[in-house]
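Presented below is the structure to which this report refers.
Note that ligands are numbered from 1 as they come in the structure, with each ligand's atoms numbered from 1 the same way. Since we're looking at a predicted model, the values are computed, not measured.
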Amino acid sequence: MNRDGERGKVLLSVTGFDPAAWHDALKQAAPQRDIVLRADKAGDPDITYAVVWKQPPGVLRDLPNLRAVFSIGAGVDHIFSGDEVPDVPIVRVVADDLTERMSEYVVWQVLDHHRKGPLYREQQSKTIWHEVRMQPAAKEVSVGILGLGTLGRDAANKLRMLGFKVAGWSRTPKQMEGVQTYAGRSGLDEFLAVSDVVVCLLPLTQETHGILSASFFEKMKRHGALGAPVLINAGRGGLQVETDIIEALDAGRLGAVTLDVFQTEPLPADSSLWRHPNITITPHCAATSDPRALVPPMVAQMDAHDAGKPLVNLVDREAGY
Ligand code: NDP
């Protein structure tokens with residue numbers, strides 16, 4: 001803080017989001033901080049924090065007094081995919097608002113597949129009245145969640161409350177009441193063998209890139225409670241190999257798929273994913289970052305850090321999430 005009680009500037013760079021909404025929320029939560037959309041000069045010594053989403057190349061360069069970078073989302077692959085990221089702590093979003101939105105999405109999509117939403121919508125479009133008699137109960141269906149982090153754990157608990165059997169897969173071993181847990185590459189086959197529906201809530205890292213591919217679909221549970229395995233990906237598009245998804249659907253190795261995220265976003269109009277009858281598409285909306293909910297705790301962290309307290313929800317650079 002300087003003599004006038006002003007705090008360092010915050011650099012705001014949020015490609016794809018409305019900067020005005022983030023600017024207003026930052027100004028309201030941090031009236032003593034100047035919020036700037038770009039550095040006035042190279043090496044601006046007054047910028048102490050950056051709040052970013054897909055920052056353009058060079059935006060974080062030459063900021064000698066930068067103390068931390070805040071991602072406006074839970075994922076941070078967008079930060080690393082640009083150019084070199086300065087060697088300061090990176091803070092990601094961990095917030096009930098975001099977590100609850102994601103669990104809503106997961107529950108919505110799991111229930112939609114479980115209760116044959118796509119089939120009944122198609123029947124309605126053709127005025128067909130036909131009840132599928134073999135509707136399994138939730139307790140007969142196992143939902144496997146890839147990623148038992150902040151989002152995966154909450155979704156797992158909410159699915160359990162609905163009566164589903166729930167399994168989870170993580171990098172390091174985890175224990176969760178009522179959830180069958182598996183870890184590491186060695187645990188993946190077993191996890192896939194028990195999961196009728198696989199929900200992907202993994203971060204995109206070097207290790208997880210392209211994990212949702214032909215060899216993965218090959219190992220998914222056949223002839224389960226829903227007839228054929230269902231995949232829901234709300235993690236990141238880079239986790240999936242889209243040509244392999246279409247091939248697996250056409251070969252019957254996958255029964256149905258929901259995708260919220262894509263290798264290229266927005267999904268190009270000529271992508272065959274749009275037109276596949278067994279694919280449900282949503283436009284990366286599973287859990288949006290709402291500045292009204294996310295900015296106040298971000299600013300509280302900046303203030304606490306300036307007062308000498310440690311930052312929380314830090315990204316492990318080596319692991320990439
Ligand atoms: P967390 O960091 O809290 O959790 C990540 C989980 O993935 C952890 O359980 C971690 O294992 C596991 N994991 C990471 N790498 C591997 C690996 N190589 N093998 C097995 N498991 C692995 O993240 P969040 O739950 O907060 O968020 C997850 C992702 O959701 C984000 O990274 C983002 O990409 C996506 N997201 C999508 C949104 C959307 O709107 N579509 C919105 C928000 C987030 P371990 O527990 O051992 O560390």
Side-chain angles (χ1 to χ4, degrees), residues 14 16-17 53-54 70-81 90-109 144-158 166-176 179-192 195 198-213 216 231-240 257-263 265-267 280-291 293-294 297 312-321:
V14 287
F17 281 82
W53 183 260
K54 295 184 184 165
F70 287 77
S71 167
I72 68 164
V76 291
D77 47 290
H78 64 96
I79 294 183
F80 293 122
S81 67
I90 298 172
V91 182
R92 69 186 199 93
V93 168
V94 175
D96 289 349
D97 185 80
L98 190 90
T99 304
E100 287 156 10
R101 287 168 191 267
M102 181 57 89
S103 289
E104 273 178 22
Y105 182 88
V106 171
V107 167
W108 168 41
Q109 287 304 312
I145 302 187
L146 293 167
L148 276 183
T150 308
L151 304 183
R153 286 196 307 273
D154 192 69
N157 281 329
K158 287 175 178 158
V166 180
W169 184 66
S170 52
R171 187 168 62 93
T172 54
K174 295 270 167 307
Q175 285 208 326
M176 256 191 91
V179 176
Q180 188 81 41
T181 56
Y182 303 86
R185 286 282 160 174
S186 60
L188 185 59
D189 290 8
E190 264 185 275
F191 164 88
L192 290 176
S195 303
V198 168
V199 177
C200 179
L201 293 175
L202 288 170
L204 179 60
T205 67
Q206 282 184 359
E207 269 189 46
T208 60
H209 188 271
I211 187 172
L212 305 174
S213 65
F216 179 102
L231 171 71
I232 297 168
N233 183 17
R236 282 288 179 269
L239 298 163
Q240 71 205 14
V257 172
T258 291
L259 301 175
D260 183 56
V261 286
F262 301 90
Q263 288 172 319
E265 295 182 8
L267 182 62
T280 299
I281 286 177
T282 54
H284 199 147
C285 62
T288 197
S289 292
D290 183 341
L294 304 188
V312 294
N313 306 323
L314 291 177
V315 171
D316 173 346
R317 278 180 184 248
E318 204 163 322
Y321 67 99

Problem set entry | Enumerated ligand 1 atoms positioned under 4.0 Å from heavy atoms of K174 | 45 (P), 46 (O), 47 (O)
Exercise. Would a distance-only check, ignoring hydrogens and angles, find a side-chain to backbone donor-acceptor pair under 3.5 Å from S289 to I72?
Worked result: yes
Exercise. Name the one of I281, V106, T280 that satisfies side chain to side chain contact (heavy atoms under 4.5 Å, CB included) with T258?
Worked result: T280
For this session: Compute whether any side-chain donor of one residue and acceptor of the other, for R92 and Y321, lie under 3.5 angstrom apart.
Result: no
Exercise. Considering residues at least two apart in sequence or located in another chain, which fulfil the side-chain hydrogen bond (donor to acceptor under 3.5 Å, both in side chains) criterion with T172?
Worked result: K174
Exercise. Which part of T208 is near ligand 1, with near meaning a heavy atom under 4.0 Å away: side chain, backbone, both or neither?
Worked result: side chain
For this session: Verify, without hydrogens or angle tests, whether R153 (side chain) and L148 (backbone) share a donor-acceptor contact under 3.5 angstrom.
Result: yes
Problem set entry | S81 side chain to H78 backbone, donor-acceptor under 3.5 Å | yes
For this session: Indicate yes or no for a side-chain donor-acceptor contact from Q263 to the backbone of Q240 under 3.5 Å, with no hydrogens or angles considered.
Result: yes
Exercise. Evaluating non-hydrogen atoms only, which member of A155, G149, S170, G184 is closest to atom 4 (O) of ligand 1?
Worked result: G149
For this session: For ligand 1, find out whether one of its N or O atoms is nearer than 3.5 Å to an N or O atom of T205.
Result: no
For this session: Using the ring pair (Phe, Tyr, Trp, His ring centres under 6.0 Å) rule, take W169 and Y182 through it: C-alpha gap first, then chi angles, then the decisive distance, then the call.
Result: CA-CA 5 Å; W169 184 66; Y182 303 86; 9.7 Å; no
Exercise. With a 4.0 Å heavy-atom cut-off (strictly under), which part of E207 contacts ligand 1: side chain, backbone, both or neither?
Worked result: side chain
Problem set entry | Shortest protein contact, atom 27 (O) of ligand 1 (heavy atom only) | L151 CD1, 3.4 Å
Seminar exercise, completed: The atoms of ligand 1 lying under 4.0 Å from a heavy atom of P203, numbered in the order shown, are 5 (C), 7 (O), 14 (C), 32 (O)
Problem set entry | Nitrogen or oxygen atoms of T150 and ligand 1 under 3.5 Å apart | yes
Problem set entry | ligand 1 atoms in contact with A286 (distance to a heavy atom under 4.0 Å) | 39 (C), 40 (O), 41 (N)
Seminar exercise, completed: A student checking ligand 1 against D260 at a 4.0 Å heavy-atom cut-off should list atoms 39 (C), 40 (O), 41 (N)
Exercise. Among protein heavy atoms, which lies nearest atom 42 (C) of ligand 1, and at what distance?
Worked result: A287 O, 3.4 Å
Exercise. Counting distance only, does the side-chain N/O of E265 pair as donor-acceptor with the main-chain N or O of F262 below 3.5 Å?
Worked result: yes
Exercise. What is the nearest protein non-hydrogen atom to atom 9 (O) of ligand 1, stated with its residue, atom name and distance?
Worked result: L148 N, 2.9 Å
Exercise. When you measure from atom 26 (O) of ligand 1 to every protein heavy atom, which one gives the shortest distance, and what is it?
Worked result: R92 NH1, 2.9 Å
For this session: From the options G75, A183, A234, select the one whose nearest heavy atom is closest to atom 31 (C) of ligand 1.
Result: G75
Exercise. For ligand 1, which atoms sit closer than 4.0 Å to a heavy atom of A74?
Worked result: 26 (O), 44 (C)
Exercise. Judged by modelled atom types alone, do D260 and T282 share a side-chain donor-acceptor pair under 3.5 Å?
Worked result: yes
Problem set entry | atom 38 (C) of ligand 1 [closest protein heavy-atom partner, distance rounded to 0.1 Å] | M102 CE, 3.4 Å
Seminar exercise, completed: Counting from 1 in the order shown, the ligand 1 atoms closer than 4.0 Å to a non-hydrogen atom of H284 are 39 (C), 40 (O), 41 (N)
Exercise. Just distances here: any N/O of T288 and N/O of ligand 1 closer than 3.5 Å?
Worked result: no
Problem set entry | From CG (L146) to SG (C200), nearest 0.5 Å | 5.0 Å
Exercise. What is the closest protein heavy atom to atom 28 (C) of ligand 1, and at what distance does it sit?
Worked result: L201 O, 3.3 Å
Exercise. Side-chain contact, heavy-atom cut-off 4.5 Å: T288 with R101?
Worked result: yes
Exercise. Which residue owns the protein heavy atom closest to atom 36 (N) of ligand 1, what's the atom, and how far is it?
Worked result: R236 NH1, 3.7 Å
Exercise. How far is atom 13 (N) of ligand 1 from its nearest protein heavy atom, and which residue and atom is that?
Worked result: L202 CD2, 3.7 Å
Exercise. Can a donor-acceptor pair be found between the side chains of R236 and T205 at a distance below 3.5 Å?
Worked result: no
